[in-house]
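Remember, it's a predicted structure, so these values are computed and weren't measured experimentally. In the text below, chain A, chain B and the rest are named by the order of the sequence lines, each starting its count at 1.
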Amino acid sequence: MYRSNTCGELRITDVGKSVTLAGWVQKVRNLGAMTFIDLRDRYGITQIVVNDSSSAQTRETASKIGREYVLQIKGCVIERESKNGKIPTGDIEIQAQEITILNEATLPPFTIEEDSDGGDDLRMKYRYLDLRRPPLQRNLMLRHRMAQEVRRFLDSEGFMEIETPFLIKSTPEGARDFVVPSRMSPNEFYALPQSPQTLKQLLMVAGYDRYFQIVRCFRDEDLRADRQPEFTQIDCEMSFVEQEDVLDIFERWAKHMFKTVMGIEFSNKFLRMPWIEAMEKYGSDKPDMRFGMEFANITSLAKGHSFSVFDDAEYIVGFAAPGCASYSRKQIDALTEFIKRPQVGGRGLVWIRVEESGVKSSIDKFFSAEDVREIASKLGAKAGDMCFIMCGPKFKVLTQLCALRLEVASQLGLRDPKKFAPLWVIDFPMFEWDEETQRFYAMHHPFTSPKPEDVQYLESDPGRVRANAYDFVCNGTEIGGGSIRIHDAKLQALIFKCLGFTPQKAEEQFGFLMNAFKFGAPPHGGLAFGFDRLCSLFGGADSIRDFIAFPKNNAGRDVMLDAPSQIDQSQLDELYLALKEVPQKK
RNA sequence: GGUGUGUUAGUUCAGCUGGUUAGAAUGCCGCCCUGUCACGGCGGAGGUCAUGGGUUCGAGUCCCAUACACACCGCCA
């Protein structure tokens, strides 16, 4: 038996017990005649004391140990002479009788403490050391508890957890696939699933009624702080449901998660905001609702004052930033620079300072004080506020103003990670026009059903068609999304046509699904939640990386494993693969 | 594919308008210390300033390229 107790559980009530502990050395404090050792495991830290009542051999061993040595300590629980109120085990310590070095440790390249001194790069390379740190352990513990609560809730609602394959068929729509060469079928490839979308629909055809899976998905696209090439979804599908049924059950699920994991109760129904409203009021299909600063369209008010920038613009929109009238010229200039960055792409920023004494703006030359006041009032500004206005093509300027709204909110400290503002965004457009390829793409995916009342426009005016699609959004992050699917083979064929698929191409890529729909597909729908994002949302972090045990870096590499890497010629030969030279960069 | 920021001791960073021996903190090593818990005191070791070019009498510092890291845009049905 290596241990009788963990390093986190002994208390004052255990004084007098003989115990054996095992763990890692966090810190050694040698005071000469006595030595304190902080012994750490996943459960906590317990102080070991070695002094003149320890044997000479124990004192000798204690003098040799270094950070991260793995020790076994036999000793007696005693009350501390000076207690430490900062840790749960702070009232007691272990009087060491015997110290066994179970394993020595090379000096780690960074400190393994609550706040490490190591940089990202180094911590990723030695991820197993970083994972010893309490913050990472808390994150993975949170993730574990959340996964358990997901299963508990969905099981209680009759959902069956069913595994679907990872080696499936490539479908070029959507994200780039990761592919796996097949040895037994030379020159053919499997694809790793971007999501188990079609498979879960087939499970509905198969009559399983309610399915879920906490499942890895793969997308070969560039990474972000909240995007990894392999990530985990809570994937769900239900039969005989309409949109309202899906929203109802997963709203209850979300509330269950907030309550059981975070101790937060939402008594009201989550807001349901049509996509067009989200775009016009917040410039985003995933609005951050932790604060106001709603947009208002001032196109008609602002035009016709001989200010050509406005007069030539399609859409003029702004918002009032509360309490920002005190912003200096320098701060306004900095925000102007912010929206002019290529990432945002704004052309310029108009401001109106609203004070008790009156209004002052960057457009005073063109507008009377009365007109400026009217605009400010339309934007909902009160004395002490600052209005920001931008103009341009409608959806472009809305998106740019969204970036500014978030930036101002960050500066005002309104993006509080402890606050949660969940909502559903509904009534998404069915299609998105792509300028580059001059065709419509499915905004969600090609199995999403159109609103029945909009089906009439499918061929005449596809841009007008709304979908039975919905996203779950919280704090400006898309946490999940789904739709009511098409269960009718004829309608599915029509959608493929609208998306520019020839019948042959549709048959080749999705024939298996359309064929299945001929055999009695139930009406069905579902959604999927990004589990990593949900974890980072609950954990109050912007990046999902520290909620994944072994994440990839910005370039999709695992720097610990040094993957991807080359493979042996014999492996290539087996797969009939030949490598091509990579063009040199100029 | 693009934009930005960064790369200096084991680690985290400072190093100004180019100037003579590149600093701090922390970690590490040694000695001292009986109540520490960010222990303390004294001493010590530790650097190809990412790489390659260029400008200059002289480059950690200026310029160009490359590599790597991070954030973002494109991309992510």
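- Across all strands shown, B:rG41 is found opposite B:rC31 as a Watson-Crick or G-U wobble partner, with both distances under 3.5 Å.
- Judged by distance alone, with hydrogens and angles left aside, A:Arg29 brings no side-chain donor or acceptor close enough to the base of B:rC33 to form a pair under 3.5 Å.
- Taking the P atoms as reference points, B:rA25 lies 25 Å from B:rU17, given to the whole Å.
- Distance A:Gln95 CD to B:rG35 P: 15 Å, rounded to the nearest Å.
- The nearest heavy atom of RNA chain B to A:Ser543 and to A:Tyr441 marks one nucleotide each, and the one closer to the 5' end goes with A:Ser543.
- Atoms CD (A:Glu81) and P (B:rC39) sit 19 Å apart, rounded to a whole Å.
- When rounded to the nearest whole Å, the span between CZ of A:Arg80 and P of B:rG35 equals 15 Å.
- Here the P atom of nucleotide B:rU11 and the OH atom of A:Tyr126 are 9 Å apart, to the nearest Å.
- Using a 4.0 Å heavy-atom criterion, one finds that A:Leu499 contacts no nucleic acid atom at all.
- Listed pair A:Asn51 / B:rU34 fails the phosphate criterion, with no side-chain N or O lying under 4.0 Å from OP1 or OP2.
- Protein atom CD of A:Glu407 is 17 Å distant from nucleotide atom P of B:rA71, rounded to whole Å.
- Across all strands shown, B:rA50 is found opposite B:rU66 as a Watson-Crick or G-U wobble partner, with both distances under 3.5 Å.
- In this pair, A:Trp433 and A:Phe440 present their aromatic rings perpendicular. The plane angle is above 60°, beyond the 30 to 60° band.
- The residue A:Lys83 sits close to a base: some heavy atom pair falls under 4.0 Å.
- With hydrogens and angles ignored, a donor-acceptor pair under 3.5 angstrom links the side chain of A:Glu93 to the base of B:rG35.
- Contacts of A:Met443 with the nucleic acid, taken as non-hydrogen atoms under 4.0 Å apart, involve only primed sugar atoms and P, OP1 or OP2.
- With hydrogens and angles left out, the side chain of A:Gln343 and the base of B:rC72 share a donor-acceptor pair within 3.5 Å.
- The interatomic distance linking A:Ile87 (CD1) with B:rA38 (C1') rounds to 14 Å, in whole Å.
- Computed from coordinates, the A:Lys340 NZ to B:rC73 P distance equals 21 Å when rounded to whole Å.
- Residue A:Lys27 has a polar side-chain atom (N or O) positioned under 4.0 Å from OP1 or OP2 of B:rG27.
- Note on A:Gly119: only backbone sugar-phosphate atoms sit closer than 4.0 angstrom, heavy atoms only; bases stay farther off.
- Here A:Phe36 lies in heavy-atom contact (under 4.0 Å) with a base.
- Using a 30° and 60° split on the angle between ring planes, A:Phe517 and A:His524 fall in the perpendicular class, above 60°.
- Taking atom P on both B:rU48 and B:rA67, the two are 24 Å apart, rounded to the nearest angstrom.
- A gap of 15 Å separates the C1' atoms of B:rA14 and B:rG6, to the nearest Å.
- Contact annotation: A:Arg545 reaches the phosphate of B:rC70 (side-chain N/O to OP1 or OP2, under 4.0 Å).
- Contact of A:Arg557 with B:rC68 (side chain to base): no donor-acceptor pair of N or O atoms is detected under 3.5 Å.
- Using a 4.0 Å cut-off between a side-chain N of Lys or Arg and a carboxylate O of Asp or Glu, A:Lys64 and A:Glu104 do not qualify as a salt bridge.
- Residue-level contact check: A:Ser195 touches the bases, meaning some heavy atom is under 4.0 Å from a base atom.
- Comparing A:Gly90 and A:Phe447, the nucleotide of RNA chain B nearest to each residue sits closer to the 5' end for A:Gly90.
- With rounding to whole Å, A:Asp222 atom CG is found 18 Å from B:rG4 atom P.
- Between A:Phe529 and A:Phe472, the ring planes lie perpendicular to each other; the angle is over 60°, past the 30° to 60° tilted range.
- Cation-pi check for A:Arg439 over A:Tyr441 is met; the charged atom lies under 6.0 angstrom from the ring centroid and within 45 degrees of its normal.
- Across A:Asp226 and A:Asp542, no two heavy atoms sit closer than the pair CB-O, 4.3 Å.
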